Amino acid sequence: MHLTREEEELLESDTPGERKAMELLVTLGDVYGAEEMVEIGSAQASGISYKSIGDPGVEFLEGFAAEGAKVSVSTFANPAGMDMQQWREMGVSEEFAEKQERIQDALREMGVTLSFTCTPYLAGNLPRRGEHVAWAESSAVSFVNSVVGARTNREGGPSALAAAITGRTPKHGLHLAENRRPDYLIEVDAEIDSQSDFAALGSWAGRIVEDAVPYFTGIDGGRTDELKALGAAMAASGAVALYYVEGITTDEEPPASGDVETLSFEPSDLEAEYEELTTGENPELVVFGCPHASMEEIEEIAATVEGQSLTSDLWVCTSGAVKTWADRNGHTDTIEAAGGMVLADTCNVVSPIEELGYETSATDSAKAANYLPGFCNQQVVFEDKRALLEEVIE
Amino acid sequence: MHLTREEEELLESDTPGERKAMELLVTLGDVYGAEEMVEIGSAQASGISYKSIGDPGVEFLEGFAAEGAKVSVSTFANPAGMDMQQWREMGVSEEFAEKQERIQDALREMGVTLSFTCTPYLAGNLPRRGEHVAWAESSAVSFVNSVVGARTNREGGPSALAAAITGRTPKHGLHLAENRRPDYLIEVDAEIDSQSDFAALGSWAGRIVEDAVPYFTGIDGGRTDELKALGAAMAASGAVALYYVEGITTDEEPPASGDVETLSFEPSDLEAEYEELTTGENPELVVFGCPHASMEEIEEIAATVEGQSLTSDLWVCTSGAVKTWADRNGHTDTIEAAGGMVLADTCNVVSPIEELGYETSATDSAKAANYLPGFCNQQVVFEDKRALLEEVIE
Amino acid sequence: MTGETDDRVTEEAIDGRAITDGRGEGEVLRSSEPVSFYGAVDLSTGEFIEEGHELEGHNVAGKVLVFPRGKGSTVGSYVLYGLAKNGVAPAAILNEETETIVATGAILGEIPCMDSLSAPLSSLPEGERVVVDADAERVLVDGCEVE
Amino acid sequence: MTGETDDRVTEEAIDGRAITDGRGEGEVLRSSEPVSFYGAVDLSTGEFIEEGHELEGHNVAGKVLVFPRGKGSTVGSYVLYGLAKNGVAPAAILNEETETIVATGAILGEIPCMDSLSAPLSSLPEGERVVVDADAERVLVDGCEVE
Ligand code: F3S
Ligand code: F3S
């Protein structure tokens with residue numbers, strides 16, 4: 001790899017954290033065949049939840065901070081294993097909380113913004129189209145590449161942190177225009193309306209195209225929340241980091257169906273995907289906000305449960321930014337009065353829900369439906385928000 | 001105007017607030033020559049600060065809420081006249097606070113998100129490119145049109161609220177592709193680097209092009225904060241609601257210089273603009289965050305003032321969303337320890353700073369520099385952040 | 001009042017464009033200057049308080065308020081709404097050309113409003129009763145014929 | 001150990017690719033299975049605790065750890081870092097093909113690491129001392145010649 005003089009200096013840095021970060025990027029860059037580095041505008045750090053990284057992670061982050069590692073670009077953080085204020089109400093143990101707080105302290109010392117959300121683009125970190133960034137968290141990567149039009153690979157925890165510290169990342173993969181061309185054409189014949197429809201489509205598509213770049217035709221609508229759900233699902237069942245939706249995310253013409261693999265998504269595929277994702281019934285927990293809920297989603301949930309009682313627990317996961325509005329507008333009170341909770345900073349998958357006694361969870365997120373069985377020993381009910389809530393309203 | 005059946009029904013609504021909202025839009029639509037309405041994804045409401053709307057505004061919002069007006073799309077709010085938590089520390093009077101809180105209550109009742117920020121796109125309301133919205137607040141309009149690629153006119157207070165209630169707006173102006181073409185070419189020959197350079201360029205350009213659509217060439221960089229500053233300045237010195245920056249906000253070719261008015265921005269123009277915007281010296285108040293500060297800006301300010309004392313007051317205005325992070329990461333403490341304040345929910349122009357004893361304010365915002373003399377009887381010092389802070393650090 | 005007097009009571013109809021609908025009647029209160037409502041009118045009494053303005057000291061409540069156009073702060077719309085809410089709004093508004101501040105305020109306050117009259121505003125007799133019929137898009141002037 | 005024995009002490013050099021730099025030496029501890037570090041190793045002692053794994057019960061501290069590749073959770077990188085921080089990391093790591101989990105962990109933990117050796121991993125004598133010289137990109141095997 002060709003390194004600039006500044007990059008050579010980073011490799012020789014007296015600050016161990018900085019030196020190791022640069023070594024890591026150069027090593028990875030060589031593995032990827034990158035010719036040079038590219039400077040980045042921001043980073044998104046993963047490997048934040050104590051449930052995910054355990055004691056090795058706590059020791060690493062504390063040790064790395066002690067080695068002088070400090071971010072040099074704006075860096076936001078993935079969800080933690082608990083709501084940093086409401087962890088007791090969640091039922092999280094003191095031991096867990098203590099470890100999660102040590103992680104938080106190490107992150108703060110390194111200058112990482114304690115945002116604890118997978119929707120940084122809804123919480124103050126909005127890159128510009130075309131901007132090079134180094135983001136981890138597959139749903140955020142998908143959104144920032146496809147909807148915002150920035151450029152990032154799907155970074156891992158250490159590589160994203162290394163990029164944040166050095167302010168650069170190996171210029172390979174989706175940082176290069178030639179790698180951003182679609183290589184699948186997906187003609188959507190089913191009616192895709194609700195957020196869970198978009199999620200189901202993503203779950204199906206990701207499984208088939210794996211880590212390729214799909215281009216969807218036949219989708220009429222889709223605003224930020226629907227695209228958020230689509231991208232998250234494809235990044236979970238597959239490893240899609242970039243996609244196109246004709247007329248929605250791009251004005252560019254679809255690839256000719258002779259040039260790329262072409263698939264079609266039929267109504268029967270949609271129906272089958274809902275069935276595929278549902279592995280249980282009678283959920284003890286209904287959980288929304290994977291990725292983190294927008295204010296619109298929270299408004300809809302509050303309006304639906306207002307004045308009602310629920311036969312299950314209800315978690316609405318969101319960022320601390322959006323929860324500020326939910327609190328101010330009374331939606332948190334409304335949801336709590338119905339027996340639910342609005343949780344900031346965490347998510348259904350990276351919080352220890354299996355230790356809290358839940359065995360079956362209901363979700364409108366195909367990403368959650370894909371992960372909950374493996375990560376949290378959950379059986380899953382997958383449906384759209386309204387249908388799930390109507391089931392649990394007394 | 002052609003109205004759909006649903007729109008005809010809104011005109012006959014039994015809910016006075018809804019009926020009046022539709023009547024207003026139809027009347028305005030006829031004035032604009034709009035042929036039909038277009039449905040919107042979200043709204044941004046202006047006319048929120050008690051300083052701006054006074055007792056007539058308080059009475060209107062309360063009365064309108066009592067007439068059953070409720071938003072039907074996600075609606076965020078412009079800044080208020082005070083930090084809703086820290087108004088005493090600001091020096092705002094009890095009488096003002098009471099009126100502002102009545103405004104807040106009326107907004108809450110109508111379902112408006114109490115976001116109180118001119119940067120909704122950094123606080124949870126992120127439209128999709130191409131999406132029709134109805135936003136007021138000229139800097140937010142400029143950003144969402146030009147950087148996000150959504151479509152909105154520069155709404156007024158009542159029209160944005162009416163659009164929020166009915167979920168639609170007259171389809172004219174920037175909702176139509178033919179009105180989004182550039183009609184000025186501005187070749188930038190000066191070096192534009194800092195956020196205040198972008199602001200100065202915007203101040204110069206807006207004054208000349210007024211409400212036209214400029215296309216800039218010759219600008220090398222520019223991330224979200226710089227574009228935020230550029231757009232705000234142009235919307236204040238002029239009434240620019242949409243602009244293009246070659247290679248930055250658009251990949252489309254510039255207009256041919258024979259087809260549109262062509263201007264060039266020279267280094268002497270940049271220098272002259274800084275002088276033009278500065279009308280005083282020895283500021284008692286340094287104020288940042290117009291538009292509201294991002295986390296990156298707050299990080300930079302905190303790093304600069306850490307451990308220092310200041311010879312002037314310092315306000316850093318931002319959204320409640322971003323202030324959540326500033327608090328968590330200790331930047332609020334750092335800025336307060338230096339004698340400054342991080343204020344949410346308000347801004348230098350719509351809060352009653354002239355009543356708080358300030359006569360000369362320093363800012364890196366050309367919008368603020370343009371408005372502070374008229375709205376707040378201030379003399380102004382205009383410079384970039386670092387230079388201003390170095391002046392007031394003891 | 002100008003022109004020949006006549007004991008006959010005749011109605012003179014003037015055509016115009018309706019901005020809002022409805023019908024209102026009252027004595028003409030006319031200004032030759034544009035009006036910026038914010039800060040100019042006492043919201044609870046309807047008294048015109050702007051120093052130096054032609055209408056200073058007059059009360060708009062129940063009058064047919066005649067002026068070329070609105071101007072100034074958009075909060076003027078809320079002033080018109082407030083006057084209506086407090087029962088001291090004009091009975092109707094007549095302009096040469098209504099702009100958005102007055103149009104918005106007239107809609108929110110449900111004040112009949114017309115512009116683009118077929119006769120000059122100066123021909124409307126000060127202090128005389130007129131009927132503004134926005135539904136029929138005409139203004140009816142009682143009494144003397146208008147020249 | 002295989003092959004003919006010889007009383008001569010000879011060094012056999014095996015070429016390879018350096019993943020990290022540095023130099024480490026120790027006894028060979030080899031696994032024919034890939035290794036997923038997260039949950040498999042006791043961070044404070046270096047003991048391999050994963051039930052059913054070939055290396056169960058062995059201690060990696062100070063060893064030249066030889067295995068085909070890493071796998072599993074990316075937290076494995078942090079495990080290698082933690083072992084180093086606690087002074088119980090392998091002296092060096094040798095893989096067939098190093099993937100990112102082990103590469104990252106070796107860099108963060110400053111553990112010399114090489115792959116793509118010119119001889120099969122199975123030829124490295126279990127329990128015998130080798131020197132991994134990543135700076136020179138070679139592995140030196142003392143004692144018996146390697147077939
Ligand atoms: S990180 Fe976010 S996308 Fe889902 S699995 Fe957790 S809420
Ligand atoms: S509304 Fe925002 S753009 Fe400036 S004048 Fe106030 S901070």
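Model, not experiment: these values are computed from the prediction. FYI, side chains are in, hydrogens and waters are out, and symmetry mates aren't considered; it's all heavy atoms of this structure. Throughout, a chain's letter reflects where its sequence line sits, starting with A, and its residues are numbered from 1.
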Can you check whether chain C and chain B share any donor-acceptor pairs under 3.5 Å, and give the atom names and distances if they do?
unit_1	atom_1	unit_2	atom_2	d
Arg19(B)	NH2	Glu110(C)	OE1	3.0
Lys20(B)	NZ	Leu108(C)	O	2.6
Lys20(B)	NZ	Glu110(C)	OE2	3.3
Glu59(B)	OE1	Lys85(C)	NZ	3.4
Phe64(B)	N	Tyr81(C)	OH	3.3
Glu67(B)	OE2	Tyr81(C)	OH	3.1

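Among Leu80(C), Leu43(C), Ile19(C), the residue with the largest count of heavy-atom pairs under 4.5 Å with chain B is Leu43(C).
With sequence neighbours excluded, the residues forming a side chain to side chain contact (heavy atoms under 4.5 Å, CB included) with Ala368(B) are Cys290(B), Asn348(B), Thr363(B), Ser365(B), Leu372(B), listed by chain and number. Checked against salt bridge (Lys or Arg N to Asp or Glu O under 4.0 Å), Arg168(B) has the following partners two or more places apart in sequence or in another chain: Glu6(B), Glu7(B). Residues passing the side chain to side chain contact (heavy atoms under 4.5 Å, CB included) test with Ser142(B), sequence neighbours excluded: Ser146(B), Tyr243(B).
Looking at Leu28(B), only its side chain comes within 4.5 Å of chain C, counting heavy atoms on both sides.
The number of heavy-atom neighbours closer than 6.0 Å to CD of Glu39(B), taken from other residues, nucleotides and ligands shown, is 12 or below.
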